[in-house]
Amino acid sequence: MAMAVPAQTIAGYDRFPWDAILLQTNSALMNNTDPNVWASQIISTLRSTAVTLPSVDLAHRLVSHLFWNHHSPIAWKLLDIAASLNLLPPLLLVALLSTRIVPMRKVYPQAYRLYLELVKQYVLMLQFRNNSPNYEMIMESIDNVLQLSQVYSHKVCEPGVALVEFVFSILWQLLEAILDDEGLLDHVPENKPRWLSRSHDMDIAEHDCINEMKTEQKEGMQRKNTMIAIEIIVQLLQNKMTSRLLCLVHRNMPSYWGSFNHQMQLIASKSSILKNLKHITADTLLSLMENIHGVVSCNTKSKLESNVVIPAGSQIAFGGQCEGSSWSSIWLPIDLILEDALDGGHVAALSAIEIITDLVKSLHAVNGTMWHNTFLGLWIAALRLVQRERNLSEGPVPRLDTCMCILLSITTNVVANIIEEEEGELIEEAECGPTNQGKNQQVLGKRRGELITCLQSLGDFQCLLTPPQAVLREANQAAAKAMPIMLVSGNPVGSGHSKSSSMDDLPMNCFGNLRHLIVEACIARNILDTSAYFWPGYVNACSNQIPSSISNQVDGWSSLMKGSKLTPGLVDVLAATPASSLAEIEKVYEITIDGSDEEKISAATILCGASLASGWNIQEHTIIFITKLLSPICLPNHTGTENHLISQARFLNVLLVGISSADCVHIFSLHGLVPLLAAGLMQICEVFGSCVYDVSWTVATGGKLSPQEVFSNAFTLLLRFWRFDHLSIEQVRGNAATPPLGNLFSPENLLLVRNSRVASFGRSTKDSLKLKRLSKIVRFPKESIYIDSFPKLNFWHRQHQERIASTHSGLMPGGPVQQIVDALLRMMFRKVNVGFEPSTPTTLGSISSSRFGSALDDALVKLKVPAWDILEAVPFVLDASLNACAYGTVSTRELATGLKRLADFIPASLVAIASYFSAEVTRGIWKPVFMNGTDWPSPAANLSLVEQHIKKILAATGVDVPSLAIDEEYPATLPLPLAAFVSLSITYKLDKGKGRFLLLIGPTLNAVASVCVWPCMPILTSLWIQKVKRWRDYFLLRASGTVFHHNKDAVVQLLKSCFTSTLGLGSTCMNNNGGVGALLGHGLASHSPVAPGILYLRVYRFIGDIMFLNKAIMSILLLSVRDIASSDELPKGDVKKQLNKIKYGMKRGQVSLVRYMARVKQAALLGASLVWISGGQKLVQSLIRGTVPSWFLSADTLEQEDGETGVLVAMLSGYALAYFVMLSVAFAWGIDHSSVPPNRRAKVIAIHLDFLADTMERFTTLSCHHATWQAYVSGFVSLIVCCTPMWIREVDAELLKRLSKGLRQLNEDELALRLLEIGGIGVMGTAAEMIIESARML
């Protein structure tokens, strides 16, 4: 095969026929022979030597021969006829001429004119010029001539890739020629053209070549050539085929496209010739470039429309109003995840901000809305959450502060993340672009303006903006902040508060609402400025009076900033009033570092006060400061042998107690600080758990603080961060699905998450922007921390897991642990002798009262040991105590009292108590005891009432509630360990000091009672209602959930109720219009029945093996599709005709099918949300790998209907599944690289796409209707092409080619092409060839 290089460089070839052809050519030039005659001679000569046409060698030899030694006008005619008769490849001819003509265009303006005509003739019609038998050889030669592989850094250049690069290079070469002709190359950042320095024979002297044209004529021709070049560029950008090829460059070669785009901007802004053109303007060029960018962003919208998948962004899209749902229904997943995040019974290790950010971005892509609508959907969902909590019944876990945290801190940070992500990308583009600008420069993206539009629109939702009574003062304060700027004349917009105004001048009765608080939260995070104060109707003042209490609070922070000492009175004011700025809270943090011991304690009290609970504008800063303070490092000036933490015991204890309330821990959890906080707590536990008992410190109240107390406070807080009562090995081996906002399994998991976060944070531009919002005075160490760094904790955790898994044994007689066990038993049961017999089960014997005092004193002396040693002995103590009660050695009352003494002596023992009783209940070896009111507390007073309320709560779900069947003949019973556990829990007073310990054991007690046989949970509920009547509604809801823990059929029924309520189907739904209100109702408010969505969110964590949910939800989804299709909205007449109307455009009155699709998508949104929230990534992975393929391949499908209705149901089912699967993956793994490591998501996507491709390749027999399969494949691929192009770029190129081939078998040619267009450089060549083939077929 001849090499595609100039002929004079070819060695080893027979000179014939090339000598003969050159002689014939010279003769034609000299005699001005008719080009057709010359062509006939050339064809005859080539046929005699069997040269394949078009001939690569002929192109090389002719161009080399004619330019420039034999250049004449007739030469162009010969080349043109040779190209038109396919004697030589036209595209190769253009490539060869481009390297000779364009650099010499000023010397040979006429030749350049003729070259431009060839470009118009052949490049714009290249679809007819690339079907040669030696196509690959031609493209290889073009690659060599233009050095494409070297220019674009490709090791191997495929023919299709070379074709794309050829078109782009010819276009770029013309662009550089225009810049050079107009003297604009100096403005090019590279300062060196790519395509103007490769001419052969560049040493030709100009005076030897210039014809007899006058200078004016020559300049006029050059200007005309430049005009023609501009016209060709416009034509290449306008032409459907070439513009589509250029889109491939934009997608797959962004750096080169960036340089090209910059040069186009120069032409548009500085070209004098362009300004004089009448039919082409600068706006024309910029519009064409923008069109290519738009095609890259959303060129798949029409495919979604043609597949009846709702065209995102259109007026008839799912984002609009439709029957059976509201605009807000497209944001239903946000409502669900926010409601789930509000459940304070579980401490999530992952940041709710990051999870919700990924969710919002996914919904933005799928719904196809503008960002201001997306932000509006997010805020409205958060506002609905607040309104559901307005009349909230009280419970053990406060929710209002957490609810306001979600609205004003979490949601605002989500918006800030999304805005900063865009601006980070713009900065990176500017730094990597041709101008290398943007370094250390502020870049404002479009999303800031979208936020303004959103917040202005938010004022139209007055019914959602009414603040709860508890935050009305804060809302009025937020509204009042705008008044100084508006009242002081001449104050410029956005300048902030007037210096002449003070807080005493602010009108506080200005009817503040939640929008004012949202605006202030955005201003505090620098994503909005104070120009918002000038929005029409933003403030409505009616008074200039200010309560004196508010003035005092402001004066308190002002005094601190002016340097006032922290007096007790000032500390009380500052602890009760949240800081209003980062500077104020930084001032407090600095005191905790540099102040005296007493000042540090006062500052810690302030940090854990209102600034933590309700300082929504600075909340993330406050929790970061506290986390840092609880992770103290050893200072270089530290002296002494004791650990550096010991001297900080009082200070650390104030922080530990201050953040231990349920709402505070929940706030740390929502912000994702739990893993970082856990590492600090582990260090504190390790140190103080190893201290001896005789060390103590005096606190402000005059009491003593022991190391055991500091340890217990840290330990009980730490153990709330993971499911300590579960075996972590079972969770891992069982491949358990974990909700996105679920607990982790072990301290090792917490540390791994912590290490990952600190190692990765700060690497991206987005993180750099986030750092600008955070305090500069706090930095966390990047070094990894592992469980081996805490040997005491590690040893305890391993033993704790072993004892949960098996009965206790192996205690060495006479050893130190036995002595501690004996001492603890004597301390717990002071009226009886406590003896430990290693050869027999643990027993308790009696002693005389005369020896009681000395025995107790001796026991207390033996218990002056490190806390870790005591915890090691506690499980043996519990085993002995429970056995003693079972055998009657101690009474039930003595057991409860002894357990309470143990918990009071060392509160950290509650961890072992909860785990032990939970494990013993699970083993099922203990006899039940009668809750008769004598031996154990009786629930009889409330039990029947509990049963009635449970039935009322579940009335809307259609779930049967088992009868309690408890009376005098069959009294209530509980397993002995559970009875003891409940009795211990109800001995606690609900004060602030002890209530935090209930938060530790409460989830375990609830979980144990839930898994026990019915009616254990109603009995527990009845007992707690007797103790705390105001918590009745909370306990009743929890008890109602137990019905679903024991019955999968009841779970399925609850899921059906969720679907029917949301879609407005059936007679049992609470709201015939469906939507979010019907699904979530009024949250946990006291009225019944409870909305099915709320009920499901409270029970799904206790279902156990949730893998059955995939199949259940998928089946309910398909049943819902059938119900939708059988509703009154069905289109009448020919279904296919109706579909074609949607495909080719709809007119008024032809939108019924679109409304179908709106409801189908709504059902899919709900199904995907439930799968993701219930089991996170693992449940979604099971859906992709198992459930969906099995459904298509098995016979377990719905019975198919006949006729047009059956086709419609089948088609809608396919689209519903497509949405369902795509949304599930998007929720679990996000849509871009910032969500998760790409390789995790890529594996799941590749597995499913491989299933699709393999099924189409093998023509596998499917059990479903063909319309269902085709709708699913086309719908799913359309969605990922349109909404998640990043997924496709992560998939192997060969798999994409197989999938594209399968789509073409389904007559989805356009979709197959678009799949390849965004598939990356690996499939760019195949995409280019399909583009050419499509153009040829038109």
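If you're wondering where the values come from, they're calculated on a predicted model, not measured in any experiment.
Checked by atom type and distance alone, the side chain of N367 never pairs as donor or acceptor with a backbone atom of T369 at under 3.5 Å. The backbone N or O of S596 lies less than 3.5 Å from a partner atom in the side chain of E599, making a donor-acceptor pair. Judged by distance alone, the side chain of S669 and the main-chain N or O of V665 form no donor-acceptor pair under 3.5 Å. Judged by distance alone, with hydrogens and angles left aside, the side-chain atoms of R448 form no donor-acceptor pair with the main-chain N or O of I419 at under 3.5 Å. E423 places a side-chain N or O within 3.5 Å of a backbone atom of G445 that can act as its donor or acceptor partner. Judged purely by atom type and a 3.5 angstrom limit, E422 has no side-chain atom pairing as donor or acceptor with the backbone of L444.
For D663, the salt bridge (Lys or Arg N to Asp or Glu O under 4.0 Å) test picks out no residue, with sequence neighbours left out. Every residue two or more places apart in sequence or in another chain that forms a side-chain hydrogen bond (donor to acceptor under 3.5 Å, both in side chains) with N513 is listed here: H516. Listed by chain and residue number, W557, L566, L574, K587, V588, I591 satisfy the side-chain contact (heavy atoms from CB on, under 4.5 Å) test with L560 (two or more places apart in sequence, or in another chain). For H372, the ring-ring contact (aromatic ring centres under 6.0 Å, His included) test picks out no residue, with sequence neighbours left out. Looking at residues two or more places apart in sequence or on another chain, you find no side-chain hydrogen bond (donor to acceptor under 3.5 Å, both in side chains) involving W1031. Under the salt bridge (Lys or Arg N to Asp or Glu O under 4.0 Å) criterion, E598 pairs with R650, not counting sequence neighbours. Residues satisfying the salt bridge (Lys or Arg N to Asp or Glu O under 4.0 Å) test with E354, not counting sequence neighbours, are R757. Applying the side-chain hydrogen bond (donor to acceptor under 3.5 Å, both in side chains) rule to S580 yields the partners E584; only residues at least two apart in sequence or on another chain are considered. Looking at residues two or more places apart in sequence or on another chain, you find no ring-ring contact (aromatic ring centres under 6.0 Å, His included) involving F721. Scored by the side-chain hydrogen bond (donor to acceptor under 3.5 Å, both in side chains) test, N713 finds N653, R996 as partners (sequence neighbours excluded). The side-chain contact (heavy atoms from CB on, under 4.5 Å) search around A610 returns P578, S614, not counting sequence neighbours.
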(message) For F668 and L676: C-alpha separation, side-chain torsions, deciding distance, then whether side-chain contact (heavy atoms from CB on, under 4.5 Å) applies.
(response) CA-CA 10 Å; F668 274 86; L676 272 71; over 6 Å; no
(request) Go through L630 and I659 one step at a time and tell me if the side-chain contact (heavy atoms from CB on, under 4.5 Å) criterion holds. (result) CA-CA 11 Å; L630 287 172; I659 68 172; 3.6 Å; yes
(message) Working note: E590 + I593, criterion side-chain contact (heavy atoms from CB on, under 4.5 Å); need CA distance, chi angles, decisive distance, verdict.
(response) CA-CA 5 Å; E590 289 170 352; I593 301 300; 5.7 Å; no
(message) Pair C608, V654 - check side-chain contact (heavy atoms from CB on, under 4.5 Å), show working.
(response) CA-CA 8 Å; C608 297; V654 170; 5.6 Å; no
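Between K481 and E520 there is a salt bridge, with a side-chain nitrogen of the basic residue lying less than 4.0 Å from a carboxylate oxygen of the acidic one. Note on E421 versus K361: salt bridge recorded, some NZ/NE/NH1/NH2 to OD/OE distance being below 4.0 Å. A salt bridge links R399 with E339: the distance from a Lys NZ or Arg NE/NH1/NH2 to an Asp or Glu carboxylate oxygen falls below 4.0 Å. Using a 4.0 Å cut-off between charged side-chain N and carboxylate O, R525 and E620 make a salt bridge.
The two residues G556 and L570 have their closest heavy-atom pair at O-CD1, 3.6 Å. When all heavy atoms of P740 and I355 are compared, the pair lying nearest together is O-CD1, 3.1 Å. When all heavy atoms of A1091 and A1078 are compared, the closest pair comes out as CB-O, 4.2 Å. Heavy-atom minimum distance, N617 versus A521: OD1-CA, 3.2 Å. Residues V657 and S660 share a closest heavy-atom pair of O-OG, 2.8 Å. Heavy-atom minimum distance, S611 versus I618: O-CD1, 3.8 Å.
Taking CD1 of I518 as the reference point, atom CG of L451 lies at 10.0 Å (rounded to 0.5 Å). Annotation: the span from D529 atom CG to I452 atom CD1 amounts to 6.5 Å, rounded to 0.5 Å. One distance of note links CD of Q456 with OH of Y538; it measures 11.5 Å at 0.5 Å rounding. Going from atom CD1 of I626 over to atom CG of L656 covers 10.5 Å, rounded to the nearest 0.5 Å. Of the inter-residue distances, the one linking C664 atom SG with D401 atom CG reads 8.0 Å to the nearest 0.5 angstrom. A distance of 5.5 Å separates CG of L655 from CG of L629, quoted to the nearest 0.5 Å.
No side-chain heavy atom of L607 sits less than 4.5 Å from a side-chain heavy atom of L612. In this structure the side chain of L514 never reaches within 4.5 angstrom of the side chain of L464, judged on heavy atoms. W535 places a side-chain heavy atom less than 4.5 Å from the side chain of L455. No side-chain heavy atom of I330 sits less than 4.5 Å from a side-chain heavy atom of L363. No side-chain heavy atom of E389 sits less than 4.5 Å from a side-chain heavy atom of P468. I523 has its side chain within reach of Y533: a pair of non-hydrogen atoms, C-beta onward, lies under 4.5 Å apart. Side-chain contact between L385 and D335: absent, with no pair of heavy atoms (C-beta onward) separated by less than 4.5 Å. Within the 4.5 Å cutoff, side-chain heavy atoms of I380 are placed close to those of F461.
Under a cut-off of 6.0 angstrom, the local environment of CD in Q469 is sparse, with at most 12 non-hydrogen atoms contributed by other residues, nucleotides or ligands.
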Below 3.5 Å, can you tabulate the donor-acceptor pairs from side chains in residues 406-413 to any protein atom, sequence neighbours excluded?
from	atom 1	to	atom 2	distance (Å)
S409	OG	H671	NE2	3.2
T411	OG1	I406	O	2.6
T412	OG1	L408	O	2.7
N413	OD1	R773	NH1	3.0
N413	ND2	S409	O	2.7

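No close placement of the F375 and W379 rings is indicated, their centers lying 6.0 Å or farther apart.
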